[in-house]
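Both counts, for ligands and for their atoms, begin at 1 and track the order of listing.
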Amino acid sequence: EKGGFDHFMLKEIHEQPKAITDTFRGRMLVEENMIKMSSIDDNLDKFLNANRIIIIACGTSWHAGLVGEYLFEDMARIPVEVEYASEFRYRNPIITNKDVVIAISQSGETADTLAAIKLAKSKGAFVYGVCNVVGSSIARETHSGAYTHAGPEIGVASTKAFTTQITVLTLIALKLGKANGSLADHTFKDYLKKMQLIPRQVEKLLKIDEHVKSIAAVYKDATNCLYLGRGFNFPVALEGALKLKEISYIHAEGYPAAEMKHGPIALIDENMPIFVIATNRGHYEKVVSNIQEIKSRAGKIIAVVTEGDTQVREIADHVIEVPDTEEALTPLLTTIPLQLLSYHIAVMLGKNVDQPRNLAKSVTVE
Ligand code: F6R
């Protein structure tokens with residue numbers, strides 16, 4: 001059942017090329033230069049006339065929502081707010097029938113997300129679901145939606161659900177961007193071509209597993225870690241930290257790289273590993289200067305860089321290369337080594353990777 005892998009989590013990490021492909025298959029038509037999603041077409045006026053999009057979710061799905069915020073604003077120029085479902089629902093939120101709510105949930109059963117959907121509906125919002133489990137409560141409660149085609153996710157730590165959620169959000173952002181004229185035709189086309197390459201690039205990344213494992217061996221006894229990223233990769237930093245916390249029980253925090261100097265920099269010493277996402281398109285020079293700040297305080301730097309990078313390689317203690325793509329698509333790649341890293345650390349520490357203590361696959365209590 002684990003398909004030759006030691007754990008479901010590792011199997012599911014390795015399933016991502018297929019899961020991403022399955023999620024865009026039939027929707028992303030590169031030859032025709034179009035994205036076909038009837039759930040969007042049927043409600044296009046609602047999306048295009050929306051005052052804003054409010055994304056609600058919990059945990060890893062909330063991190064995917066944050067990537068969605070960057071995607072929608074960048075590609076479709078629609079204002080987005082991303083909310084923890086649990087905060088949203090208890091705040092007497094201001095929602096009207098001019099708002100579109102997107103609820104993201106792997107299981108489709110998360111109690112807070114479900115309750116937030118009901119609240120948004122009662123205030124007249126149009127609610128669109130992005131779920132993995134077919135026929136789940138959230139899939140049924142939403143007005144419309146798109147499934148992620150990740151297949152069953154058994155490991156408690158979410159992996160392929162996250163990357164397929166980002167895939168669906170990317171397709172929607174591209175489609176809306178094309179529909180409202182925010183994306184030039186050739187830009188749209190270029191994105192589709194780059195998107196099509198992603199599964200192969202993820203496959204390539206999975207092959208550097210031994211390299212990631214060797215880095216895991218160096219830092220497995222750390223008691224605190226920082227994860228830094230900017231722009232599209234800020235949510236990836238949050239997700240990287242969450243994965244480490246969940247399965248290895250090592251305390252970790254994700255931060256926007258520039259926020260480091262507003263507090264967390266005080267934590268840095270020679271015992272502190274800092275994982276920095278420093279791909280070459282996203283504010284690269286700024287991230288390089290953040291890395292220099294860490295270096296001068298003797299922190300250990302593990303950098304996720306674009307293939308061929310030389311500048312960060314000179315300063316970092318370790319580098320992990322990811323293939324080149326558009327900045328907006330980098331989360332689909334930079335996430336992978338961080339998943340592998342957490343996995344290997346947890347295995348080396350003898351933790352129960354697939355069923356970490358105190359956690360459940362779907363949180364059906366509020
Ligand atoms: C993290 C994790 C949780 C879930 C969260 C939401 O690895 O599994 O943080 O992401 O409980 O679950 P869904 O997406 O099922 O609503």
Side-chain angles (χ1 to χ4, degrees), residues 7-13 15-16 19 23 55-68 82-89 101-118 120 127-142 145-169 227 235-250 252-254 331 335-336 338-343 345-346 351-366:
H7 298 93
F8 282 111
M9 183 182 177
L10 189 61
K11 172 176 177 262
E12 289 159 7
I13 290 173
E15 281 171 348
Q16 288 175 110
T23 299
I55 299 180
I56 51 176
C58 303
T60 290
S61 297
W62 182 78
H63 295 156
L66 283 181
V67 177
V82 189
E83 303 259 6
Y84 286 116
S86 56
E87 285 297 315
F88 177 81
R89 58 178 289 214
V101 170
I102 299 182
I104 309 173
S105 176
Q106 186 287 128
S107 64
E109 302 298 342
T110 300
D112 279 318
T113 309
L114 190 57
I117 291 167
K118 289 181 179 160
V127 187
Y128 187 92
V130 177
C131 293
N132 192 45
V133 177
V134 176
S136 56
S137 304
I138 291 175
R140 283 182 281 119
E141 192 65 40
T142 41
Y147 284 113
T148 48
H149 297 174
E153 192 181 64
I154 311 289
V156 164
S158 189
T159 53
K160 61 178 180 170
F162 180 65
T163 45
T164 55
Q165 287 163 347
I166 294 175
T167 302
V168 166
L169 294 170
Y227 285 73
V236 175
L238 297 182
E239 174 62 7
L242 180 64
K243 285 293 85 100
L244 189 70
K245 280 185 269 209
E246 282 181 297
I247 59 169
S248 70
Y249 317 146
I250 296 172
E253 290 301 329
T335 298
I336 311 295
L338 301 184
Q339 293 171 341
L340 288 170
L341 190 101
S342 303
Y343 170 79
I345 290 181
K351 306 299 183 203
N352 187 340
V353 172
D354 283 334
Q355 286 192 297
R357 69 184 181 204
N358 309 338
L359 290 175
K361 186 65 190 160
S362 60
V363 183
T364 51
V365 291
E366 306 186 0

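- Within 6.0 Å of the CD atom in Q355, the count of heavy atoms belonging to other residues, nucleotides or ligands does not exceed 12.
- Atom 16 (O) of ligand 1 has its closest protein heavy atom at T110 OG1, 2.4 Å.
- By the 3.5 Å distance cut-off applied to N or O atoms, S158 is counted among the residues near ligand 1.
- Scanning the protein heavy atoms around atom 11 (O) of ligand 1, the nearest turns out to be V363 CG2, 4.0 Å.
- Atom 3 (C) of ligand 1 has T60 N, 4.1 Å as its closest protein atom, hydrogens excluded (heavy atom only).
- Within the listing of ligand 1, atoms 10 (O), 13 (P), 14 (O) sit less than 4.0 angstrom from a heavy atom of S61.
- In this structure, K243 is part of the shell of residues with a heavy atom less than 4.0 angstrom from ligand 1.
- Using the six-membered ring where Trp is involved, Y84 and W62 have ring planes that are parallel, under 30° apart on the 30 and 60° scheme.
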message: Pair R89, E366 - check salt bridge (charged side-chain N to carboxylate O under 4.0 Å, His left out), show working.
response: CA-CA 11 Å; R89 58 178 289 214; E366 306 186 0; 3.1 Å; yes
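- Residues satisfying the side-chain contact (heavy atoms from CB on, under 4.5 Å) test with A146, not counting sequence neighbours, are R27, M37, S39, Y128, V168.
- At a 3.5 angstrom cut-off on N or O pairs, Q165 does not count as close to ligand 1.
- Near E246, meaning under 4.0 Å from any of its heavy atoms, are these atoms of ligand 1: 1 (C), 2 (C), 7 (O), 8 (O).
- When only interatomic distances are considered, the shortest N/O to N/O separation between V156 and ligand 1 falls below 3.5 Å.
- Checking only distances, Q106 does come within under 3.5 Å of ligand 1, N or O to N or O.
- Side-chain contact, T364 with E109: no donor N or O sits under 3.5 Å from an acceptor N or O.
- Remark: C131 SG to R140 CZ distance equals 10.5 Å, nearest 0.5 Å.
- The shortest contact between atom 5 (C) of ligand 1 and any protein heavy atom is with C58 O, 3.7 Å.
- Short contacts between ligand 1 and A157, defined as distances under 4.0 Å to a heavy atom of the residue, involve ligand atoms 7 (O).
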message: Could you go through N132 and Y147, starting from their C-alpha distance and side-chain angles, then the distance that decides it, and tell me whether this counts as side-chain contact (heavy atoms from CB on, under 4.5 Å)?
response: CA-CA 5 Å; N132 192 45; Y147 284 113; over 6 Å; no
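- Residue pairs meeting the salt bridge (charged side-chain N to carboxylate O under 4.0 Å, His left out) criterion with at least one member in residues 147-163, sequence neighbours excluded: E15-K160, E153-K361.
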